[in-house]
Every structure is written in structure tokens, then in C-alpha cells.
Amino acid sequence: MEEKNRVTALRESTGLSRKDFCNLVQIPYRTMTEWELDNRHAPEYVLWLLEYYLRSQGLVVTEEGGKTSE
């Protein structure tokens, strides 16, 4: 998956807006926007840590609209 799509997919998996997601994970809004527009690239470890954090906190929304409990 392209990095741009991966960043967007991670954010969208939470069901949060970009602003709310940035507040949650403490990433500057401008940085997230640049990543999603593919103007800048998030380091691989940041993507991995974001995914790990979202899953460990149960913040990933399932297809049915509920949050996962992994």
C-alpha cells in the first residue's frame, strides 16, 4: 500500500477527522496533511507505532461501526 494511502487508512480506521486524529496522537495537523497529500513521507517506524497504538487502545473501528477489542 502506498504510504499516502496507509496514513489515510490508519486515520480513517478510527472514524476521526484529521483534526481530531491529530489531537489524539499529538501529531501536528500540518504534518498529517502533508503526509496525506504525499508532499512529505512519514517514517516507517511512525506508521508502525501509530498502527500499534491504535490497535492496542482499541481505537480501530470495525466495518459494523464498533471499536475493536484486540
Side-chain angles (χ1 to χ4, degrees):
M1 178 183 296
E2 286 183 41
E3 183 179 323
K4 168 185 164 183
N5 295 334
R6 190 168 165 201
V7 171
T8 304
L10 280 173
R11 178 180 59 80
E12 289 176 348
S13 73
T14 64
L16 296 173
S17 68
R18 189 180 296 156
K19 182 178 179 180
D20 291 337
F21 184 84
C22 290
N23 288 333
L24 173 72
V25 296
Q26 299 181 12
I27 293 175
Y29 182 83
R30 177 72 180 214
T31 299
M32 190 69 175
T33 300
E34 293 292 314
W35 289 347
E36 288 192 11
L37 293 175
D38 208 24
N39 294 332
R40 291 177 53 201
H41 301 284
E44 183 65 29
Y45 74 91
V46 171
L47 296 173
W48 185 87
L49 287 171
L50 277 174
E51 185 173 2
Y52 177 81
Y53 174 76
L54 295 174
R55 290 188 185 284
S56 69
Q57 297 298 310
L59 298 171
V60 177
V61 178
T62 63
E63 297 294 322
E64 297 82 34
K67 298 205 176 188
T68 61
S69 57
E70 295 178 7

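These values consider heavy atoms only, across backbone and side chains, with no hydrogens, waters or symmetry-generated copies.
A heavy-atom distance below 4.5 Å is found between the side chains of Leu54 and Phe21. Counting heavy atoms from C-beta outward, Leu59 and Leu24 have side chains that approach closer than 4.5 Å. Using a 4.5 Å heavy-atom threshold, the side chains of Cys22 and Arg18 count as touching.
Between the side chain of Thr31 and the backbone N or O of Ile27 there is no donor-acceptor pair closer than 3.5 Å. In this structure a side-chain-to-backbone donor-acceptor pair under 3.5 Å is missing from Thr8 to Asn5.
Put simply, Trp48 and Leu10 are part of the same group of oily side chains (I, L, V, M, F, W, Y) that touch within less than 4.5 Å, one to the next. Leu16 and Leu37 are members of different hydrophobic clusters when ILVMFWY side chains are connected at heavy-atom separations under 4.5 Å. The same ILVMFWY cluster, assembled from side-chain heavy atoms under 4.5 Å apart, contains both Val46 and Leu49.
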With side-chain contact (heavy atoms from CB on, under 4.5 Å) as the criterion, how do Tyr29 and Lys19 come out once you've worked through the C-alpha distance, each side chain's angles and the decisive distance to 0.1 Å? CA-CA 6 Å; Tyr29 182 83; Lys19 182 178 179 180; 4.3 Å; yes

Go through the steps to decide whether Arg6 and Glu36 satisfy the test salt bridge (Lys or Arg N to Asp or Glu O under 4.0 Å), and finish with yes or no. CA-CA 9 Å; Arg6 190 168 165 201; Glu36 288 192 11; over 6 Å; no

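Note that the OG atom of Ser17 and the CD atom of Glu12 stand 11.5 Å from one another [nearest 0.5 Å].
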